[in-house]
Amino acid sequence: MRRVALWVVFSSLLCAQTERFDVHALLKIARISEPQLSPDGKLVAFTVQRMDLEKNSSSRQIWVVPAAGGAPKQITAEGNNSRPRWSPDSKRIAFVSTRGGASQIWTMDPDGGDARQVTRLSTEAGGVLFSPSGKHLAFTSEVYPECANDDCNRKKLEEEKASQVKARIYTSLLYRHWNEWKGKRRKHIFVVGVDGGAPKDLTPGHRDVPPFSLGGEDYAISPDGKELCFVMNTDADLALSTNSDLFVVPIEGGEHRRISMNAGADNTPKYSPDGKWLAWRQQVRPGYESDRWRLVVMERATGRSTVLTESLDRWVTGFTWAPDSSRLFFTIEDRGRSQVHLVPVTGGSTRLILSGSSNVSEVQLSGDGRTMVYLENSGSKPNEIYRVASTGGDPAPLTRLNEELLSRYKLTRLEEFWVEGAEKTKVHSFLVKPPDFDPKRKYPVLMLIHGGPQGAWGESWTYRWNAQVFAHAGFVIVQPNPRGSTGYGQKFIDEINADWGGRVYEDLMAVADHVAALPYVDKERMAAAGGSYGGYMVNWMLGHTDRFKAFVSHAGVFDLRSMAGETEEIWFPLWEFRGMPWDNPEVYERWSPSYFARNFKTPTLVIHGELDYRVPAGQGMQLFTALQLQKVPSKLILFPDEGHWIVKPLNSVLWYTNFIDWIAEWTRK
């Protein structure tokens, strides 16, 4: 295979040169996140994360930029600093910082001056929020439930560290999660005066609050500052339940009270600015983490709740209140893109506000409701911050932190196509061509299969499976969204349940047929790769097709029976396979790649993190053993310091390098 030249002609007139966009270029990007518009509408605080290859680490710092436009300014430098949150008068920023050697809550002026440390907890602190009164800060800390003060926590931490016995003892499930073992501490929400003092534990007990199975902003303070709303799962066995509910507790402490009675998940509560309403996202089917996310509002005076998006067959991915509390702006995922919609708080039809070939998130409104600020990225552009009129119009970028860097590279815009998949259902895919694409050439193909399985490829930027890096290595990149993919309606999502190797496999083969027939594709040089469920599908393909020249299986499920007993969130196999292996053995046998190992022939690279407790590393090792015993060319890469994702800079370099080299080796002419 002819490699993509390191230098290419960018313009016949300008004769400018662009470089190859590889993993080293990817790691130079400033990763923008957490935009926060000040209440007075003048500044946007945000964070920028940068990778440091030499130190094999990253640094996150806080910046500000004028909301009306202007030069962004970095306002922190010492330690790692994140989660900026404005005081109601816009005169202070609360944030989380490690500048003192541990993660604690600090406040500072908008220019970074007069930084003051608020907490000094032995158990550290994070997740800070300003109360609407400006008098309190809410935050989280992982504490020993039996301890009433920090002296007790400090003593227990020291005893645990000094103990030479490191055995873990459990009497219930969910004893580990993602990449961490569950210890003796629990995450609680605390409140403290803005000038410091003794924090008060608002959620004492043996539950993690918010549940560590959830993400997002899962607690909020009412506009009058009198109560905290938070998310908690009180079911007896957390490994079997997705039933998180909303609770409220007085800001001064006391008994908490449940206010949502839904059997599925409730999360991300947000009070309306006038305090009359509470909104949140909701799933209704218990035990199904990929049920449709709806937008719900509750009238606080009556306790009556209403689903605002019941007629909209798309997931609500985020939302924010209009300043006058009459409407909500929310984002949805639709066919690989995100859109911003508007809905009245009293219900009714939704209205499209913002759409395009991109991914939009973190939407916020100015105090007068006229301006919207948000994050936006696409398949050829990482996150930057934008502003636009809340009624729509042409967006204006507030940041261009990556413009100079990316001007060196020719990043290819995503194309798209539809094919007829299983049961004549339309299946959507994205395609990325190499830079300086020549339609007269024949290119090798790399099909990337997404995880989830309820996930999707889209017009969005990613650092872990970056299509631009693979395209610059000389491949035509195909990103299919087969059965199970989000953004195409809930029925399309549900059709992968208990059918992991069925219709979704047919969908993918239909995509492969279409791509193989393209005039610029060499159908004899096609490869496929995937992670998590995508790794499962690679393992399934190993036993069911020989059309691909090479595979990469990252964190892939190999044996469904052992996977069900090793993974941590047991609600997942219970839903996906209609029970455990002893309940429904036929489904496990039918869809387990391990039962088809005798058919394995395709050269395969196997990658796994040893701290992966979602798809434990034993799955990758079993796969590698099967490949080796079948004399199939194969390689195993284990990362002892990584979980489900490979995130450390040097590990990321190794991952991309070996990935691309493996595919190139087996697709070379």
Taking all non-hydrogen atoms of both residues, which atom of [X] and which atom of [Y] are closest, and how far apart?
{"X": "L27", "Y": "P649", "value": "CD1-O, 3.8 Å"}
{"X": "L26", "Y": "N466", "value": "CD1-ND2, 3.6 Å"}
{"X": "V432", "Y": "A471", "value": "CG1-CB, 3.9 Å"}
{"X": "V476", "Y": "P434", "value": "CG2-CD, 4.0 Å"}
{"X": "L627", "Y": "S634", "value": "CB-OG, 3.6 Å"}
{"X": "A77", "Y": "Q74", "value": "CA-NE2, 4.1 Å"}

Between the side chains of [X] and [Y], does any donor sit under 3.5 Å from an acceptor?
{"X": "Q49", "Y": "Q61", "value": "no"}
{"X": "E34", "Y": "T47", "value": "yes"}
{"X": "S358", "Y": "E376", "value": "yes"}
{"X": "E333", "Y": "S338", "value": "no"}
{"X": "H188", "Y": "T140", "value": "no"}
{"X": "S460", "Y": "N377", "value": "no"}
{"X": "S122", "Y": "N153", "value": "no"}
{"X": "E642", "Y": "H608", "value": "no"}

Geometric class of the W461/Y463 ring pair [parallel <30°, tilted 30-60°, perpendicular >60°]: perpendicular
Ring geometry between W465 and W457 (parallel below 30°, tilted from 30 to 60°, perpendicular above 60°):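 Correct class here is tilted.
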Between [Y] and [X], is there a salt bridge with N-O shorter than 4.0 Å?
{"X": "E415", "Y": "K433", "result": "yes"}
{"X": "K648", "Y": "D641", "result": "yes"}
{"X": "E217", "Y": "R85", "result": "yes"}
{"X": "R50", "Y": "D52", "result": "no"}
{"X": "D208", "Y": "K182", "result": "yes"}
{"X": "D438", "Y": "R441", "result": "no"}

Test applied, ring pair (Phe, Tyr, Trp, His ring centres under 6.0 Å); reference residue, Y443; option that passes from F470, F437, F475: F437
Quiz item: cation-pi between R387 and Y374, 6.0 Å / 45°: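 That pair does not qualify as a cation-pi contact.
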Six-ring centre of W106, R99 cation under 6.0 angstrom, axis tolerance 45°: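 Yes, a cation-pi geometry.
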Option passing side-chain contact (heavy atoms from CB on, under 4.5 Å) with I105 (candidates F139, F190, F95): F139
Donor-acceptor under 3.5 Å (T98 side chain, G101 main chain):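 Checking the backbone N and O of G101 against the side chain of T98, no donor-acceptor pair under 3.5 Å is found.
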Short side-chain to backbone donor-acceptor contact, H472 and F21, under 3.5 Å: yes
Non-neighbouring partners of E568 that pass salt bridge (charged side-chain N to carboxylate O under 4.0 Å, His left out), sequence neighbours left out: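 Checked E568 against salt bridge (charged side-chain N to carboxylate O under 4.0 Å, His left out); matches are R614.
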Exceeds 12 heavy-atom contacts within 6.0 angstrom, atom NZ of K381: yes
Exceeds 12 heavy-atom contacts within 6.0 angstrom, atom CD of E159: yes
Pair E362-Q36, side-chain hydrogen bond (donor to acceptor under 3.5 Å, both in side chains): steps then yes or no: CA-CA 9 Å; E362 305 287 346; Q36 293 290 310; 4.9 Å; no
side-chain contact (heavy atoms from CB on, under 4.5 Å) against S357, all qualifying residues, sequence neighbours excluded: R337, R413, E459
Test side-chain hydrogen bond (donor to acceptor under 3.5 Å, both in side chains) applied to Y144 and E160, K156, R186, K184, the passing residue: E160
